Amino acid sequence: MADHNYDYDVLVIGAGPGGYVAAIRAAQLGLKTACAEGRDALGGTCLNVGCIPSKALLHASEYFDAATNGTMKEMGIDVSPKLNLDQMHAQRRDAVEGLTKGVAFLFKKNKVDWLQGYATFKDAHTVEVNGETRTAKNIVIATGSSVTPLPGVEVDNEKGVVVDSTGALELAQVPKKMVVIGAGVIGLELGSVWRRLGAEVTCVEFLHQVLPGMDGDVRKEANKIFKKQGIEFKLSTKVTGVTVKGKKATLTLEPAKGGESETMEADCVLVSIGRKPNTDGLGLDAIGLETNERGQIEIDHDFRTKVDGVWAIGDCVPGPMLAHKAEDEGIAVAENIAGQTGIVNHDIIPTVVYTLPEFAGVGLTEEQAIEKMGGDKKAVKTSKFPMMANSRAKTNHEPDGFVKVIAEAETDRVLGVWCIASVAGTMIAEAAIAMEFGATSEDIAYTCHAHPTHAEALKEAAMGVQGKPIHI
């Protein structure tokens, strides 16, 4: 199928979850494919310094916390835990190495050429990688995102005093006091890791509540749960400066709306205020491609940019910056290039916070659903079922959380599902499948769920929309 006017049919820039999946799928479809990646290992931020290593630390720290906070003792297991942070880091690195090598194996298996280096456009069908020119009929931009800097705050991961998410994965010792700037997904996940391991953690958030973008009930409950776990919050507060002296940092804070400033000291400051698209340095000007005000590349529903033969997916295009969204777009863009029909339903993209308990949602929040219905609260029906009434959560000593189902009153069609549970990230997949098929709350309520499982809470919440829950 190769077009001999070019070196490749498809050249993907970036080997993160979107890029490597796009490359593999393109090769599976018979297209001669290459992928340019400047890191020493494939997998992008997700596999190297993001999703995967953070989950390895989250999981390990959960065991340590259960051993130290009394949960194991309640279940009849007497232990005297001792933290071996070096080994905890070692198992994290081992997980990363195994998965990144796995992607390299898949490249070889599917005959994808790895062009090691960073690619820069010369024209719409030509890029330069490490001084070598490569041509392709189709070029897919999948360069991902990087940490958003906080103006006036200098991150130095090597020193370990002011760090970003990458540096927070590599701390050589547990800080006595950690301040997390930003109470979003990444800040709360990494803040939870170090809180469990013994740090005093305070989250400073510019907005009035944690976890921006999630359902209002979930955000309120999250605040309560994290406070109970020992994380302190300073909400509606902005950081105006951070100074470092030796191994200590001093933060200057003031109310978000302005007012009298105050200072805080910390052994470690984690800057976690979001991520920005990696579109600088690509040479987009050489092909006449501009970015929007957020640095994103605009695309059509098929992932085409305005430049013929140039496509874009993942974190560098509009939409949630999530690995699974990028993966789905990677498959879809490859199929579109091959002349098939690649589709991603961007209305049904699950989001998960991998703390304990986990927080997950898909579809609309209650606030968004009411707005969609023209502000008519009666046009939306909701129901919540508490995890403390779920038999499996009870036996597992996991009482925190609930499942919330949001449905359109007239049609009963499910508009959104939000979960707080130890396995919410797994539970939300059922909700996503149901919504993909246009399910009503009655469809979920009358689907038999295995007992005893956490997933029964979703069934009960759906029954609540019908006005007939059994266990509350």
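From a predicted model like this one, the values you see are computed outputs, not experimental measurements.
A salt bridge is absent between D400 and K224; no separation between the charged side-chain nitrogens and carboxylate oxygens falls under 4.0 Å. The existence of a salt bridge linking E232 and K227 is excluded, since no basic side-chain nitrogen approaches an acidic carboxylate oxygen closer than 4.0 Å. Salt bridge status for K55 with E189: present, with a side-chain N to carboxylate O gap under 4.0 Å. We find that D376 and K378 are not joined by a salt bridge, their nearest charged nitrogen and carboxylate oxygen being 4.0 Å or further apart.
Within the 4.5 Å cutoff, the side chain of P277 has no heavy atoms near those of the I297 side chain. Between K220 and Q209, some side-chain heavy-atom pair lies under the 4.5 Å cut-off. Between E408 and K372, the closest side-chain pair of non-hydrogen atoms is not below 4.5 Å.
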Tabulate below the donor-acceptor pairs under 3.5 Å that side-chain atoms of residues 347-357 make, not counting sequence neighbours, or state none.
{"unit_1": "T355", "atom_1": "OG1", "unit_2": "P357", "atom_2": "O", "d": "2.8"}

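For residues 370-424, there are no ring pair (Phe, Tyr, Trp, His ring centres under 6.0 Å) pairs, not counting sequence neighbours.
The 12-atom threshold is exceeded at CD of Q340, counting heavy atoms of other residues, nucleotides or ligands nearer than 6.0 Å. Atom CD of E260 sits in a sparse spot, with 12 or fewer heavy atoms from other residues, nucleotides or ligands closer than 6.0 Å. By the neighbour-count criterion of 12 heavy atoms within 6.0 Å, atom CG of D308 is sparsely surrounded, having that number or fewer from other residues, nucleotides or ligands. Atom CE of M75 has more than 12 heavy atoms from other residues, nucleotides or ligands within 6.0 Å. Counting heavy atoms of neighbouring residues, nucleotides and ligands inside a 6.0 Å radius, atom CD of E298 exceeds 12 of them. The number of heavy atoms from other shown groups lying within 6.0 Å of CD (Q91) is above 12.
With no hydrogens or angles considered, no side-chain donor-acceptor pair links H449 and E456 at under 3.5 Å. For the 3.5 Å distance criterion, the side chains of D315 and S145 qualify, holding a donor opposite an acceptor. For the 3.5 Å distance criterion, the side chains of H324 and E329 fail to qualify, holding no donor opposite an acceptor. Q466 and S441 share a donor-acceptor pair across their side chains, judged by distance under 3.5 Å alone. Side-chain contact of E442 with T440: a donor-acceptor pair under 3.5 Å is absent, judged by distance alone. R39 and T45 form a side-chain donor-acceptor contact under 3.5 Å, judged by distance and modelled atom types alone.
Under the 3.5 Å distance criterion, the side-chain polar atoms of R219 are left unmatched by any main-chain donor or acceptor of M214. Judged purely by atom type and a 3.5 angstrom limit, K381 has no side-chain atom pairing as donor or acceptor with the backbone of A407. Without hydrogens or angle criteria, R196 side chain to L58 main chain gives a donor-acceptor distance under 3.5 Å.
Closest approach of G330 and V21 over heavy atoms only: C-CG1, 4.3 Å. Nearest heavy-atom pair across A119 and A36 is CB-CB, 4.0 Å. Annotation for A334 and L29: closest pair O-CD1, 3.7 Å, computed over non-hydrogen atoms. The two residues G213 and T365 make their nearest non-hydrogen contact at O-CG2, 3.7 Å. Minimum interatomic distance between N278 and S146 (heavy atoms only, all atoms of both residues): OD1-OG, 2.8 Å. The shortest heavy-atom contact between E398 and S422 is OE1-OG, 2.8 Å.
N390 CG to T453 OG1: the interatomic distance, rounded to the nearest 0.5 Å, is 7.0 Å. Remark: C316 SG to I13 CD1 distance equals 9.5 Å, nearest 0.5 Å. If you take CD on E62 and OG1 on T71, they are separated by 11.0 Å, rounding to the nearest 0.5 Å. Note: I428 CD1 to E358 CD = 11.0 Å, rounded to the nearest 0.5 Å. Atom OH of residue Y8 and atom CD1 of residue I139 lie 12.0 Å apart, to the nearest 0.5 angstrom. In this structure, R392 CZ and M387 CE are separated by 10.5 Å, a value rounded to the nearest 0.5 Å.
Residues forming a salt bridge (Lys or Arg N to Asp or Glu O under 4.0 Å) with E262 (at least two apart in sequence, or on another chain): K234. When the ring pair (Phe, Tyr, Trp, His ring centres under 6.0 Å) test is applied to F359, the partners found at least two apart in sequence or on another chain are F226. With sequence neighbours excluded, the residues satisfying side chain to side chain contact (heavy atoms under 4.5 Å, CB included) with T100 are A41, L47, N48, V96. Every residue two or more places apart in sequence or in another chain was checked for a salt bridge (Lys or Arg N to Asp or Glu O under 4.0 Å) with K459, and none qualifies.
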Decide salt bridge (charged side-chain N to carboxylate O under 4.0 Å, His left out) for K404 and E366; before the verdict, give the C-alpha distance in whole Å, the side-chain angles of both, and the deciding distance to 0.1 Å. CA-CA 9 Å; K404 178 177 181 178; E366 182 177 354; 2.6 Å; yes

Would L235 and V210 count as a side chain to side chain contact (heavy atoms under 4.5 Å, CB included) if you check the C-alpha gap in whole Å, the side-chain angles of each, and the deciding distance to 0.1 Å? CA-CA 8 Å; L235 304 174; V210 303; 4.1 Å; yes

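Both tests do not hold together for K238 against F206: distance to the six-membered ring centre under 6.0 Å, angle to the ring axis within 45°.
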